[in-house]
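Please read the structure below before turning to the comments.
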Amino acid sequence: MNSSWRDESAWWQRGAIYQIYPRSFKDSRGDGIGDLPGIASKLDYLAWLGVGAVWISPFYPSPMVDFGYDVTGYLDVDPIFGTLDDFDELLTRAHGLGLKVILDFVPNHTSDQHPWFQESRSSHTNPKSDWYIWRDARRNGGPPNNWLSHFGGPAWTLDERISKYYMHSFLPEQPDLNWRNPDVRDAMLDVLRFWLDRGVDGFRMDAIQALIKDAQFRDDPPNPNYRKGVDQPRDSLLHRYSQDQPEAHARIRDFRRLLDTYDDRVSIGEVSYSLSLNDLVAYYGRDDGLNLPANFKLITLPWQATAIHEYVDRYERALPSFAWPNYVLGNHDRARVASRIGSGQARVAAMLLLTLRGTPFIYYGEEIGMRDVELSVHQLQDPHGIRVPGQGRDQARSPMQWSAEPHAGFSESEPWLPVGASYRTINVSVQREDSSSMLNLYRRLLEYRRETPALTIGSYRSLDGTPDDCFLYFREFEGQRLLIALNFSAKDRTVSLEHPAKGRVVLSTYLDREGHINLSSLRLRSHEGCLIEL
Ligand code: GLC
């Protein structure tokens, strides 16, 4: 097989994208907070692991109320994380190792400390007064409508000085920009240009579903399925008017058009977790939409073979021919996969993620099976968790576990969040030496995926009629054929295939078997996945 398949696909289709939460990856200065030189010092590791790109969560100047998702300047680096020179050095080093670098772009809102907001709130006549979403109180004096913030409470805060409410989809310290104002769009396109000119390879666009709100500011309707006391208060409403407006697609088109004036850049969007397939697919565009609207279903679906099988088939069918799938197993907003589904299942999840058709997203630490940390109330840092008990995201943001040294080799001093209790065994340095570790499973899967077109860009077809707790599928490219067989159950399962009857195991999630097998009776152990060449 020649290697032209590489030229016919984009780098972001072939390589896995590794998400780094910069506060927690590696601290180079001993202040307990990760930084850009820290990340740069670990790029060799990421190249060894075999990912194709890193996406770095925000490192821009910020009061850190939402840990960087509240930006006060889009064209710089917060001193906590380093300098622009540090960033340039990181980028050069990454490119030298063949790694792409994707930035987090936060277009929906700024910090309330951003000079734009300061100007906007200074007076009705300020040229930036319309850069944010300002509305008068209702006649009864309350907020302009019933919209709710993601982080608890109303999505409106009164600015008493100018007697108007401003809108915030998230914290009051994160006012939403008014994307119906072309000046906002132009300023943000300049932000993208700034980083593109510096050489970044693309953007993960934050909260893109919230960009445009209903022009008439209608109340969101009640959610008939809301379970009081069970669901989050925000789920009491359907967010029909406060997000996911069709006009957002025109703004995304502007981003995409700009990115396409540069070579080979990628646009990834954080969209709503609960989108219908039709609405998710609408965020794609051959040349006017996103390359990868993030697909969070592996996070939100029940961890059952039938549910996942059924979803992957539907997703595959719903995608237009030009659209490329993607799968997210974890991120900085959700519990870690090993804690959600257990360590045994996390291996099956790794094989699933890295063998499905589509770009895999790996959240830092998943490759060693890091688990959520337990925190006492006084250790909480995340404003969401502080405002809405139980909704915190700190547990999935603990320091990367590099070694069994103090603070898991993350820092010389006490980290900003506690390290995981099991860091002495769950860490990179121990797992590098252990041929059956999670780390080596990830590494071998990534290596095989990179070299095998059937896995990287080949077609997908699932098999019906297997035991309910197993999920089997073929990946195929020009005569190269693979079977992936995943046992989601804690019990042994036997699957039988008539055609073909023979295969060769290349990789088991146990990392303890290879070689020829009889497919008419293939025994899978508890939580075992096998990658089989046919
Ligand atoms: C996105 C981010 C989340 C952040 C929010 C507000 O959902 O993933 O971490 O808090 O946007 O910016």
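Just follow the structure's listing: the first ligand is 1, and inside any ligand the first atom is 1. It should be emphasised that the depicted structure is a prediction, and the values quoted were computed from it without experimental measurement.
Classified by interplanar angle (parallel below 30°, tilted 30° to 60°, perpendicular above 60°), the ring pair Phe151/His384 is tilted.
Taking the six-membered ring for Trp and the full ring otherwise, the centers of Trp324 and Tyr284 sit at least 6.0 Å from each other.
Contact annotation: for Arg397 versus ligand 1, heavy atoms closer than 4.0 Å belong to the side chain alone. Contacts between Tyr273 and ligand 1, counted as non-hydrogen atom pairs separated by less than 4.0 Å, are absent for every part of the residue. Only the side chain of Arg204 comes within 4.0 Å of ligand 1, judged by heavy-atom distances. Using a 4.0 Å cut-off between heavy atoms, Arg393 contacts ligand 1 through its side chain alone, with no backbone atom that close.
Within the structure, ligand 1 lacks His384 among the residues with a heavy atom less than 4.0 angstrom away. Put simply, part of Phe151 is less than 4.0 Å from ligand 1, judged by heavy atoms.
Note that Arg23 lies in the cation-pi zone of Trp416, set by a 6.0 Å cut-off to the ring centre and a 45° limit from the axis. A cation-pi arrangement is present between Arg334 and Tyr273 under the rule of less than 6.0 angstrom and at most 45 degrees off the ring axis. Remark: Arg204 fails to qualify as a cation-pi partner of Phe255 under the 6.0 Å distance and 45° angle criteria applied to the six-membered ring.
Of all protein heavy atoms, the one lying nearest to atom 5 (C) of ligand 1 is Phe170 CE2, 3.7 Å. For atom 10 (O) of ligand 1, the closest non-hydrogen atom on the protein side is Asp66 OD2, 2.6 Å. Among protein heavy atoms, atom 7 (O) of ligand 1 sits closest to Glu270 OE2, 2.9 Å. For atom 12 (O) of ligand 1, the closest non-hydrogen atom on the protein side is His109 NE2, 2.8 Å. Given atom 8 (O) of ligand 1, the protein heavy atom at minimum distance is Asp333 OD2, 2.5 Å.
Remark: the backbone N or O of Ser339 is not paired with any side-chain donor or acceptor of Asp372 at under 3.5 angstrom. Here the side chain of Thr110 pairs no donor or acceptor atom with the backbone of Val71 at under 3.5 angstrom.
The residue from Val71, Asp206, Leu171, Val65 that puts a heavy atom closest to atom 1 (C) of ligand 1 is Asp206.
Each of Thr157, Asp176, Asn108, Asp112 was scored for a side-chain hydrogen bond (donor to acceptor under 3.5 Å, both in side chains) with His168, with one residue passing: Thr157.
Arg193 and Asp197 are not joined by a salt bridge, as no carboxylate oxygen comes within less than 4.0 angstrom of a charged side-chain nitrogen.
Those atoms of ligand 1 that come under 4.0 Å of a heavy atom in Gln174, given as number and element, are 6 (C), 12 (O).
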